[in-house]
4 protein chains.
Amino acid sequence: MKKSGKKDRREDIQEAAIEVIARKGYFQSTVKQIAEEAGVSAGTVYNYFEDKQDIIFKTFSSELEDRKKVYEAVFGKDISLFGQIRMVLDRHFSKAAKQEQLMKVIIQEKSKPGLRLGRKLNECYEEGILEVANLVEEYLEEDQIRECDPTVVASAMFGAVESVMWYGLLRDPETRVEIFDQAPDALANFFWKGMKKQTK
Amino acid sequence: MKKSGKKDRREDIQEAAIEVIARKGYFQSTVKQIAEEAGVSAGTVYNYFEDKQDIIFKTFSSELEDRKKVYEAVFGKDISLFGQIRMVLDRHFSKAAKQEQLMKVIIQEKSKPGLRLGRKLNECYEEGILEVANLVEEYLEEDQIRECDPTVVASAMFGAVESVMWYGLLRDPETRVEIFDQAPDALANFFWKGMKKQTK
Amino acid sequence: MKKSGKKDRREDIQEAAIEVIARKGYFQSTVKQIAEEAGVSAGTVYNYFEDKQDIIFKTFSSELEDRKKVYEAVFGKDISLFGQIRMVLDRHFSKAAKQEQLMKVIIQEKSKPGLRLGRKLNECYEEGILEVANLVEEYLEEDQIRECDPTVVASAMFGAVESVMWYGLLRDPETRVEIFDQAPDALANFFWKGMKKQTK
Amino acid sequence: MKKSGKKDRREDIQEAAIEVIARKGYFQSTVKQIAEEAGVSAGTVYNYFEDKQDIIFKTFSSELEDRKKVYEAVFGKDISLFGQIRMVLDRHFSKAAKQEQLMKVIIQEKSKPGLRLGRKLNECYEEGILEVANLVEEYLEEDQIRECDPTVVASAMFGAVESVMWYGLLRDPETRVEIFDQAPDALANFFWKGMKKQTK
DNA sequence: AATGAATGAGAGTTCATTCAT
DNA sequence: GATGAATGAACTCTCATTCAT
């Protein structure tokens, strides 16, 4: 099941890995299955990756770096908190829509203990939560939002996003598109209303 | 090497399994490790359980049934939506505080494809979301909350709760207690403010 | 090809390993072959040994300790140098006669770099050489033997013994017995005459 | 990454092989490592050699032929036995001083069963022993040396030489030079005194 | 001649599961 | 019921060798 076009082997294998792992989970996917999906032999995989973990670890690493940059860019903008949340969610869901399988894997394999992979994901997750918590704290100090523990709120938001995304990923394509379309606005409103100071 | 008072072997093994799997994940835990932790031999495990999956599958099944009943009881009460959410979260977090390891396992092993275990958990999750979505819909029809997609909102709430719980589980015991203490109120408020109709 | 009697599995496997490795060399022997020779399955081997190296490493370790004790006992005796050499060689060859395969392996696998095994053997060898060198030095100081570099002489003696042993191991049983029978005396004389002070 | 003046690829690879194998042993050296050390690609190796064994097999064969000639020349000379031994050892050690790595490999890989390589070396060894044994026998018949089994004595001499050489190869360069310098004389004396008839 | 990506047989090792004691 | 030694299928990973370029 070779992918067409001009991509190199390395990418073929990474894509195949994501495909297979999204379907069966990391530990129940074998290198052989991934190789087959990529249209190469098992040995070839090891010409491009250190070991099994490395196949997706590298994908994740670069993917997560990319995202971090996107989000940091948004958080640096001089717009309202609501605007920032809205924008981040927008980019998040529209990117996810093009990487369904990868999103599945990320959600599934997060917080696996004793796995470079899981640890890395957890780390990024925590970093993201902290980042958002800092943002919330700023606004809290400016008295724009009601009293709350910023890390708890940030954690709640992350979880909410992930959950909605997972919910969408399990639906048929049309429903998914619908959900992903309305999710950014719905969630941004939900979050913003949920934490803003009651205007009288 | 547990040796509690009067519990039977079956429970010893289940508890040991939870302990070990919480630490290392399902696929990286061996039957031997679980048996050791339970103070029995590997062979004995198979006198009580069909296979490896079965060890925790049964724990989860009964645990999930229990919870379902608790929640349904709350949702049947004739109190405000906020009150209901508050009460469910209260019970959820206070129960979780006593079952940290089990919660860890449930969160970690959720949505593992190709595993009776993961499928069961996913199923329960979806059921829960539907249940809450129905509740939200009721209130939506009564015009008490702003327009929204109930399943998306319900899904967001589930995710938020799980995420805060995970966040707490990774902290040291004191911090965890603090987080679990304030979480029900904080989240209930967050959710309620987030979806209720703006009472000018 | 199970060994008879009352020995336990551990010993069966070690003996099988020595048998196979004597025949084909360490790197060209597979765990499966060893298991087969021992009459067990490959998996069983790992119930008794950490890994492939461990199978013979443990045999060697205890064997070498044994020998060290034997030799040290002889070197502690208050008899002539010639007598000591003679006695050590006697014990060495008569022990070797009962452990042909083990001797083969020890000689073959000595000084394999990058192998716990080879390093251990080399170490013992060097220790032995030093021990003998010290002995030679003593006699040198007493002016009983001609001027020489004791470590070179000791090294030469060790090599000579090993070589004669190897020569014997490659012969048919009868020839071997003959060689091993006369070797201690022949070598002791050769060494002693080789280094003693010319009497007048 | 060798790059000597005018030698051809074939020799580059052989030298690289010696270098690598001396360091890690035959079975733990890979063709790729050898190729890298030689500054060529793995594929190129197979333009010059049949297979992995062949790389050093050819080196050894020619090297051993060379030596044989040298020794036979000496043994043909009409000088005393002591003189012959002395001369052979002289040439042996001085040649070895210039080919440390090759000597290491020869000593390490000797008597590997199931390897063209090992068998060839063993064969040469045995031939050499026989040659010397014949020589000894001659002198024995002439009544110049004491009664002994010539092959045993020859075997002992070979082993002694190899052992001293190995001992030197493991030392630092200066010590090695010292050892190699005095070894021929020391060993020749040792051997000669060891076997000659006691001249009252 | 030279390359080095691709191969695939086969190695060591793990571990859920069985079963004689 | 309890045991834990034995099993063997399956996995990850290595590497000599090939061959299209």
Side-chain angles (χ1 to χ4, degrees), chain A residues 2 8-10 12-13 26-36 38-55, chain B residues 8-10 12-13 17 26-36 38-55, chain C residues 2 8-10 12-13 26-36 38-55, chain D residues 8-10 12-13 17 26-36 38-55:
Chain A
K2 199 170 284 182
D8 64 357
R9 281 278 201 270
R10 172 169 246 101
D12 286 349
I13 294 168
Y26 175 78
F27 287 108
Q28 285 182 310
S29 306
T30 71
V31 173
K32 208 170 178 211
Q33 286 163 355
I34 292 169
E36 241 159 52
V40 299
S41 79
T44 299
V45 171
Y46 290 88
N47 287 335
Y48 295 94
F49 301 96
E50 304 264 319
D51 55 23
K52 190 185 166 193
Q53 281 196 51
D54 195 39
I55 309 174
Chain B
D8 64 357
R9 283 273 206 271
R10 171 171 247 99
D12 285 349
I13 295 168
Y26 176 79
F27 287 108
Q28 284 179 308
S29 305
T30 70
V31 173
K32 208 173 177 206
Q33 284 164 356
I34 293 169
E36 237 161 55
V40 300
S41 78
T44 302
V45 171
Y46 288 85
N47 286 333
Y48 295 95
F49 301 96
E50 302 267 319
D51 55 24
K52 190 184 166 193
Q53 282 196 50
D54 196 37
I55 309 173
Chain C
K2 198 172 285 180
D8 64 357
R9 281 278 201 271
R10 172 170 246 99
D12 286 349
I13 295 168
Y26 176 77
F27 288 109
Q28 285 183 309
S29 306
T30 71
V31 173
K32 209 170 177 210
Q33 286 163 356
I34 292 169
E36 240 160 54
V40 299
S41 79
T44 299
V45 171
Y46 289 88
N47 288 334
Y48 295 94
F49 301 96
E50 304 262 321
D51 55 24
K52 190 186 166 191
Q53 282 196 50
D54 196 38
I55 308 173
Chain D
D8 65 356
R9 282 275 205 268
R10 171 171 247 99
D12 285 348
I13 295 168
Y26 177 78
F27 288 107
Q28 285 179 306
S29 306
T30 69
V31 173
K32 210 175 175 203
Q33 285 164 357
I34 293 170
E36 237 161 55
V40 300
S41 79
T44 300
V45 171
Y46 288 85
N47 286 333
Y48 294 94
F49 300 96
E50 301 268 321
D51 55 24
K52 190 185 166 192
Q53 283 196 50
D54 195 37
I55 308 172

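Every chain is numbered from 1, with letters handed out A, B, ... down the list of sequences.
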Under 4.0 Å: is that the gap between some side-chain N or O of A:Tyr46 and OP1 or OP2 of F:dT14?
-> no
What is the distance from CD of C:Gln28 to P of E:dG10, rounded to the nearest Å?
-> 14 Å
Rounded off to whole Å, could you give me the CZ-to-C1' distance for the C:Phe27 and F:dA16 pair?
-> 16 Å
Please state how far atom CZ in B:Phe49 lies from atom P in E:dT17, giving the value in whole angstrom units.
-> 13 Å
Which atom pair, heavy atoms only, marks the closest approach of A:Val45 to A:Ile55?
-> CG1-CD1, 3.7 Å
Grab the CG-P distance between D:Asp54 and F:dA16 for me, whole Å please.
-> 14 Å
Rounded to whole angstroms, how far apart are CD on B:Glu50 and C1' on E:dA16?
-> 14 Å
Under the side-chain hydrogen bond (donor to acceptor under 3.5 Å, both in side chains) test, which residues partner A:Ser41, sequence neighbours left out?
-> A:Thr44
Looking only at heavy atoms, the pair that brings C:Gln28 and C:Gln33 closest together is O-OE1, 3.7 Å
Return the value, rounded to whole Å, for the distance between atom CD of A:Gln33 and atom P of F:dA10.
-> 12 Å
Can you tell me how far the CD1 atom of D:Ile13 sits from the CG atom of D:Asp8, to the nearest 0.5 Å?
-> 8.5 Å
How would you list, by chain and number, every residue that makes a side-chain hydrogen bond (donor to acceptor under 3.5 Å, both in side chains) with A:Asn47, sequence neighbours excluded?
-> none
How long is the line joining NZ of D:Lys32 and C1' of F:dT18, in whole Å?
-> 15 Å
Distance in angstrom units between C:Lys52 NZ and F:dC13 P, rounded | 19 Å
Could you give all pairs that pass the salt bridge (Lys or Arg N to Asp or Glu O under 4.0 Å) test and reach residues 38-55 of chain D, with sequence neighbours left out?
-> D:Asp51-D:Arg116, D:Asp54-D:Lys58
Classify every nucleotide of nucleotides 1-7 of chain E by which part a protein heavy atom approaches to under 4.0 Å, writing B for the base, S for the sugar-phosphate alone and - for neither, in 5'-to-3' order.
-> SBBBSBB
Mind checking ring pair (Phe, Tyr, Trp, His ring centres under 6.0 Å) for D:Phe27 and listing every partner two or more places apart, or none if nothing turns up?
-> C:Phe27
Could you run through DNA chain F and flag its stems, i.e. three or more consecutive Watson-Crick or G-U pairs with both distances under 3.5 Å?
-> E:2-21 with F:2-21
Measure across C:Arg10 and C:Tyr48 and return the closest heavy-atom pair with its distance rounded to 0.1 Å.
-> NH2-O, 2.7 Å
